[in-house]
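Protein chains get the first letters and strands the later ones, always in sequence-line order, with residue 1 at the start of each. From a predicted model like this one, the values you see are computed outputs, not experimental measurements.
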2 protein chains.
Amino acid sequence: MTAPPVLQNVKVAVDNCIFTVVDGRLQVLLIRMRKKPFEGMWALPGGLIDEGESLRDAAARILKEQAGVSGLYLEQLYSFDGRKRDPEGRVVSVAYYSLVPPVGLALGTTPKYEAVRFWDCDERPRELAYDHEAILGYAQARLQAKVQYTNVMWSLLPPRFTLRELQTAYEGVLNRGLDKRNFRKKILSLGLLRASGKKSKGSRHRPAMLYQFASQAPTAVEVF
Amino acid sequence: MTAPPVLQNVKVAVDNCIFTVVDGRLQVLLIRMRKKPFEGMWALPGGLIDEGESLRDAAARILKEQAGVSGLYLEQLYSFDGRKRDPEGRVVSVAYYSLVPPVGLALGTTPKYEAVRFWDCDERPRELAYDHEAILGYAQARLQAKVQYTNVMWSLLPPRFTLRELQTAYEGVLNRGLDKRNFRKKILSLGLLRASGKKSKGSRHRPAMLYQFASQAPTAVEVF
DNA sequence: TCAAAAGTGTTGCAAATACACCCATGT
DNA sequence: ACATGGGTGTATTTGCAACACTTTTGA
């Protein structure tokens with residue numbers, strides 16, 4: 001707060017870890033870069049913030065552009081300044097993560113990137129561009145912690161789902177198995193779910209009750 | 001990651017919430033501003049990052065300048081971009097918080113600020129400069145959460161202390177009373193404390209055992 | 001009738017809570 | 001002797017973890 005230099009020569013970027021869960025496997029959206037320094041490498045979608053755009057707006061824009069959805073769960077993660085991608089000046093990267101359900105997505109087909117797809121977090125390319133390895137690791141740790149004391153898991157699921165699907169999603173994020181009966185007891189005791197009709201299509205076994213969330217608002221509850 | 005504009009006109013600042021605990025009251029270091037837009041108002045110490053200085057380095061520098069200590073607990077909190085203090089360009093502020101023991105401090109006497117002092121968090125000025133109200137609230141919430149599942153409380157205390165002092169510090173941060181016997185049981189069962197001699201000076205009652213931490217390294221443990 | 005997942009309760013253990021009295025010291 | 005905080009143990013409650021069988025449907 002002393003007299004600031006007129007030119008600080010710093011740029012601010014936002015990177016977004018977009019997660020979903022398919023069949024109990026945690027997936028993250030990666031893009032394949034076209035431009036020179038990291039050509040052909042996979043990376044998190046991101047970019048410099050626009051003039052007059054807030055950090056959160058920038059993260060939401062990236063989410064919209066790449067996954068075709070908006071209004072979903074979006075949380076700031078951490079700010080990293082390790083990367084020196086730009087020879088003339090440093091870049092501070094503010095990382096966000098988003099949670100989207102595995103349906104209703106329209107993956108961005110912008111010419112900006114060579115490819116866009118979800119990767120299973122356990123099978124993704126080992127090396128990512130910039131410091132995105134670190135960012136993604138951080139995001140996974142945060143998500144893992146967060147599903148255990150909030151209801152953010154809601155955001156990873158479609159509007160209606162079976163208890164088994166919900167449990168499988170938890171198992172995928174937490175990377176460990178859960179006891180079926182204890183899980184049901186716990187989840188139902190929270191009183192955040194509402195039942196509806198039954199499911200039949202495409203199962204050659206007993207149909208399961210479909211549930212939906214009573215409220216979409218983020219709530220801090222001890223799930224585990 | 002499209003062709004970036006050459007000039008983004010963004011500045012990056014770091015603000016630091018420096019906490020300590022005195023007599024079981026959580027205190028935060030505030031400075032009184034000399035410069036025009038917020039002249040006379042109290043604020044968190046902070047400033048633009050220097051050329052070639054990492055975010056963390058900047059936070060450590062502020063801590064050193066204002067409290068005269070280094071090497072203590074320092075953690076990044078959140079990045080805020082609400083403030084429009086600079087007419088020609090926005091400022092992204094990366095907030096940190098630091099924990100320091102209530103002794104051995106040398107409050108910064110730089111001519112930069114009109115005054116520097118610790119304020120009891122419950123009695124500090126209601127209005128702070130910029131969006132520092134929000135930052136400080138966020139920091140207090142994070143600290144409160146963090147003392148419950150890590151050993152960061154260590155950083156708020158002098159090298160040697162009584163169990164009562166430790167308990168009082170927890171009570172100050174958590175803003176609630178704790179049962180003496182349960183507290184001692186719990187803390188001692190973690191095996192992170194080591195005893196030493198006794199304390200006598202300045203007490204007209206039975207002296208208490210002085211303890212010290214077996215390790216300074218941050219550890220994730222369930223304290224409460 | 002078989003395969004495949006849905007659904008459902010009880011028990012044991014560990015951790016958290018609530019709670020009251022004697023002890024050592026300085027004045 | 002008294003005032004002040006230091007120090008200690010037990011009983012109860014609560015939440016978590018382990019565990020197996022019957023039910024419903026489609027093929």
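- Under a 4.0 Å N-O distance rule, the pair B:R124/B:E133 qualifies as a salt bridge.
- Classification of the B:F161-B:F213 ring pair by plane angle, with boundaries at 30° and 60°, yields tilted.
- Shown here for A:A129 and A:M33, the closest heavy-atom pair between the two residues is CB-SD, 3.8 Å.
- Between A:Y211 atom OH and C:dA6 atom P there is a gap of 11 Å when expressed in whole angstrom units.
- Straight-line distance from the OH atom of B:Y149 to the C1' atom of C:dA16: 21 Å, rounded to whole Å.
- Contacts of A:R184 with the nucleic acid, taken as non-hydrogen atoms under 4.0 Å apart, include base atoms.
- Across the protein-nucleic acid pair, A:M209 atom CE and C:dT8 atom C1' stand 14 Å apart, rounded to whole Å.
- Rounded to an integer number of Å, the gap from A:I187 CD1 to C:dT8 P is 15 Å.
- Separating the CG atom of A:L178 from the C1' atom of D:dC16 is a distance of 13 Å, rounded to the nearest angstrom.
- What you find for A:L157 and A:E165 is that their closest heavy atoms are CD2-O, 4.5 Å.
- The side chain of B:K186 contributes an N or O atom lying less than 4.0 Å from OP1 or OP2 of C:dA16.
- Positionally, the nearest nucleotide of DNA chain C for A:N182 lies more toward the 5' end than for the other of A:N182 and B:N182.
- For the pair B:Y78/B:R142, no side-chain contact is recorded, criterion being any heavy-atom separation below 4.5 Å from C-beta on.
- Here D:dA17 presents its C1' atom at 12 Å from CZ of A:R176, a figure rounded to the nearest Å.
- Atoms CZ and CG, from B:F19 and B:L156 in turn, are 9.0 Å apart once rounded to the nearest 0.5 Å.
- Between B:R164 atom CZ and D:dT8 atom P there is a gap of 14 Å when expressed in whole angstrom units.
- Atoms CZ (A:F183) and P (D:dC16) sit 14 Å apart, rounded to a whole Å.
- Between the side chain of B:K185 and the base of D:dT10, a donor-acceptor pair under 3.5 Å is found.
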**Request:** Report, as a single string ordered 5' to 3', how protein heavy atoms within less than 4.0 Å touch nucleotides 20-27 of chain D: B base, S sugar-phosphate only, - not at all.
**Result:** B--BBBSS
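- Residues B:N175 and B:L26 form no side-chain contact, since every pair of their non-hydrogen atoms from C-beta on lies 4.5 Å or further apart.
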